[in-house]
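Below: the structure, in structure tokens.
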Amino acid sequence: MRASAPARLAARLSDLAGAPVVLERPSDPAHGDYATNVALRTAPQHRRPPKELAAELAERAAALEEVERAEVAGPGFLNLWVTPAWLAEALGEIGPDYGAGTPERRQKIQVELISANPAGPLTVGSARNGAYGDSVARLLSHAGHEVEREYYFNDAGRQVELFRASVEARRRGEEPPEGGYQGEYINELAARDVDPVQYMLGEIRREVAEFRIAIDSWRHQGEIEQEVAGVLPKLDSYEAAGTTWARTSEYGDDKDRPLIRSEDGSYLYFAADVAYVRDKLERGFDRAIYVLGADHHGYVGRLKAAAAMLGYDPERIEVLIYQLVHIVEGGQTKKISKRRGDVVFLHELIDKIGVDATRWYLVSRGHDQPIDIDVDLAAERTQKNPVYYVQYAHARIAGILRNAEGEHGGTPSELEKEERDLIKRLLEFPGVAAEAAERRAPHAIPIYAIRVADDFHRFYHEHRVVGSETEAFRLALVRATQSVIAHCLDLIGVAAPERM
RNA sequence: GCGCCUGUAGCUCAGCGGACAGAGCGGCGGCCUUCUAAGCCGCGGGUCGGAGGUUCGAAUCCUCCCAGGCGCACCA
């Protein structure tokens, strides 16, 4: 896989400049198709005025066949205009594998996501975990890594027993136990003749699939707990205050962590964490990614400490934190609590607005940004979800392609403004996808997709495709646009419809 | 008290070292005999929480302060 056209252009310019050139797309069209600040950045080390350096580079750049014009502007920017032939040729590179990377070092990566207790249906909080984590997994896979998705069922702990007891109490017509679970779904479960935990295990698998997340590996707490006894002797631990402690504070954690409950000698959760870390890394993953809500960010230190204590490079453990989803009711914002029943379930949101709008909505803001879902406004607000705007562009193109019979391709001698803008936008895709993967920031994809749809709708409004003088070229342009939109939607698990 | 995250247009959010800060929604006004009007165009709207600092250049980096969210269990 060779570098994308803009990357190759940047590389040629880097040779001319003798320094790495980063091309950006200026917002002001008067500043060219591409611009670079190399002269500004390298002026200090050359001890020469940036404008002088930029002027020299401009002269050399203008001699490149792909460059139509090069100008120095402002304090020392170099602005470039590219030829229609270069744009048309670059367009030809857009296809099924467009933007797919081959990393310098292909890694085997595990992404553990959701892993909600089977103590009820998935909440919108878990849905954010899934939408975010799965999109990161898709991005990494697109970037060329080998990715496996795992879901860990905490199906043997205290919370789950409390849940089971709550349902059973309900069946006997009693109040739930102290700290137990409440809510309509408990009543519904009580009415069914099933083991509540077994039932939820099945329900969650179904919901995850419906949310378009393909889990490769389902693990259960019991499996990990069997490994605990074998791991504990390998830890740097000591006895104090009636229990065994892992000396995690020596390995970057805030404090030491107890491994065994002194009351009854049973393993505490951290013991399972350690066993699980080893389990993951021993399975040959170069990297184990955990996707956790902000309420679990205290986990980062202890998981890395666990790895370090076992002799692994803690860099192999990566914890992705996303901010929480809150529900807003009557102007009041509150944290989701399954136990209290203050909760919006994923299936409710899907029923209201569908999988596409739900996934788009949950992944389209930065993971560092909290999300409020207003129970009353959710449906109304998401009717205006930009997902439809993007899907519409895809469907519109499908319509054009249904009407067209001619060949695709060719290079017109002149390009319309809307065509140039659209092509340049499409050429951004490999960079956008690579950066999104690198930064674990899938929200860049929907934002970019909106811009593509934007440029397409503008083009569509101004120019006809079928029956135009440059029909073959425009068919290729429109087909490439559709392909890039489809790639974007796929990266975030949203459907790309042929008709709307 | 300590740690992580956040504070950008009326609302929801992008932008995270470059050229006058952007989009969607909401408001107002235009555009369908032509490939889907779920569309396009125009208008209005911002001391980028505050104060210092680094830099040729800061919404973007550093420090402090203010405000909000989340953590700091022998629960998960």
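We name chains A, B, ... by the order of the sequence lines, and we start the count at 1 in each one.
Rounded to an integer number of Å, the gap from CZ of A/R451 to C1' of B/G24 is 12 Å. Distance, A/R365 CZ to B/C5 C1': 16 Å, rounded to whole Å. Put simply, CD1 on A/I447 is 16 Å from P on B/U12, counting in whole angstrom units. The interatomic distance linking A/L292 (CG) with B/C5 (C1') rounds to 14 Å, in whole Å. Atom CD1 of A/I397 and atom P of B/C35 are 16 Å apart (whole Å). Straight-line distance from the CG atom of A/D455 to the C1' atom of B/A23: 13 Å, rounded to whole Å. Between A/Y269 atom OH and B/A76 atom P there is a gap of 8 Å when expressed in whole angstrom units. Per the geometry, NE2 belonging to A/H367 stands 10 Å off P belonging to B/C5, to the nearest Å.
Within the 4.0 angstrom heavy-atom criterion, base atoms lie near A/H463. Residue contacts shown for A/I260 include a base, since a base heavy atom lies under 4.0 Å away. Base engagement by A/E498 is indicated by at least one non-hydrogen atom pair under 4.0 Å involving a base atom. Base contact: A/R302 has a heavy atom under 4.0 Å from a base atom.
Distances from the side chain of A/R464 to the nucleotides B/C35, B/C75, B/C70 place B/C35 closest. Counting only heavy atoms from C-beta on, A/D368 has its side chain closest to B/C5 among B/C5, B/A14, B/C72. Residue A/I400 has its side chain nearest to B/C35 when only B/C74, B/A76, B/C35 are considered.
Checked by distance alone, A/H296 brings no side-chain donor or acceptor within 3.5 Å of a matching partner on the base of B/G71.
Atom CG in A/L113 sits 10.5 Å away from atom CD1 in A/I289 (nearest 0.5 Å). Atom CD1 of A/I215 and atom OG of A/S115 lie 7.5 Å apart (nearest 0.5 Å). The structure places CG of A/L426 at 5.5 Å from OH of A/Y448, a figure rounded to the nearest 0.5 Å. Atoms NE2 and CZ, from A/H408 and A/F473 in turn, are 12.5 Å apart once rounded to the nearest 0.5 Å.
Using Watson-Crick or G-U wobble geometry with both donor-acceptor distances under 3.5 Å, B/G29 finds its partner in B/C41. Across all strands shown, the partner of B/C72 is B/G1, judged by Watson-Crick or G-U wobble contacts whose two distances both fall under 3.5 Å. Across every strand in view, B/A23 sits in a pair with B/U12 that passes the Watson-Crick or G-U test at under 3.5 angstrom. Across all strands shown, B/C64 forms a Watson-Crick or G-U wobble pair with B/G50, both key distances being under 3.5 Å.
Taking the ring centre of A/Y152 as origin, the terminal cationic atom of A/K280 falls outside the region bounded by 6.0 Å and 45° from the ring axis. In this structure, A/R396 forms a cation-pi arrangement with A/Y460, its terminal cationic atom sitting closer than 6.0 Å to the ring centre and no more than 45° off the ring axis.
Spacing of P atoms, B/A14 relative to B/C31, comes out at 36 Å, to the nearest Å. Separation of the P atoms belonging to B/G10 and B/A21 is 16 Å when rounded to the nearest angstrom. Nucleotides B/C20 and B/G29 place their C1' atoms 26 Å apart, quoted to the nearest Å.
A/R261 has a side-chain polar atom (N or O) that falls below the 4.0 Å cut-off from OP1 or OP2 of B/C75. OP1 or OP2 of B/G69 has not a single side-chain nitrogen or oxygen of A/Q369 nearer than 4.0 Å. A sub-4.0 Å separation between OP1 or OP2 of B/G15 and a side-chain N or O of A/H443 is present.
Classified by its glycosidic torsion, B/C40 falls in the anti category, the angle being over 90° from 0.
Mapping A/N403 and A/E435 onto RNA chain B via the closest heavy atom, the residue that lands nearer the 5' end is A/E435.
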Report task. Indicate for each nucleotide in nucleotides 37-45 of chain B, in 5' to 3' sequence, whether protein heavy atoms under 4.0 Å reach the base (B), only the sugar-phosphate (S), or nothing (-). Result -> SBBSS----
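Side chain to side chain, A/Q159 and A/Y181 meet the donor-acceptor criterion of an N or O pair below 3.5 Å. For A/Q391 and A/D356, the side-chain atoms include at least one donor-acceptor pair closer than 3.5 Å. Side-chain contact annotation: A/H463 with A/E419, donor-acceptor N/O pair under 3.5 Å absent.
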Protein-nucleic acid N or O pairs under 3.5 Å, nucleotides 18-21 of chain B:
{"unit_1": "B/G18", "atom_1": "N7", "unit_2": "A/N37", "atom_2": "ND2", "d": "2.6"}
{"unit_1": "B/A19", "atom_1": "N6", "unit_2": "A/N79", "atom_2": "OD1", "d": "2.8"}
{"unit_1": "B/A19", "atom_1": "N1", "unit_2": "A/N79", "atom_2": "OD1", "d": "3.1"}
{"unit_1": "B/A19", "atom_1": "N1", "unit_2": "A/N79", "atom_2": "ND2", "d": "3.3"}
{"unit_1": "B/C20", "atom_1": "N4", "unit_2": "A/D28", "atom_2": "OD2", "d": "3.0"}

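More than 12 heavy atoms of other residues, nucleotides or ligands shown are found within 6.0 angstrom of CD on A/E161. Atom NZ of A/K51 has 12 or fewer heavy atoms from other residues, nucleotides or ligands within 6.0 Å.
Under the 4.5 Å side-chain criterion, counting only non-hydrogen atoms from C-beta, A/R402 is in contact with A/R499.
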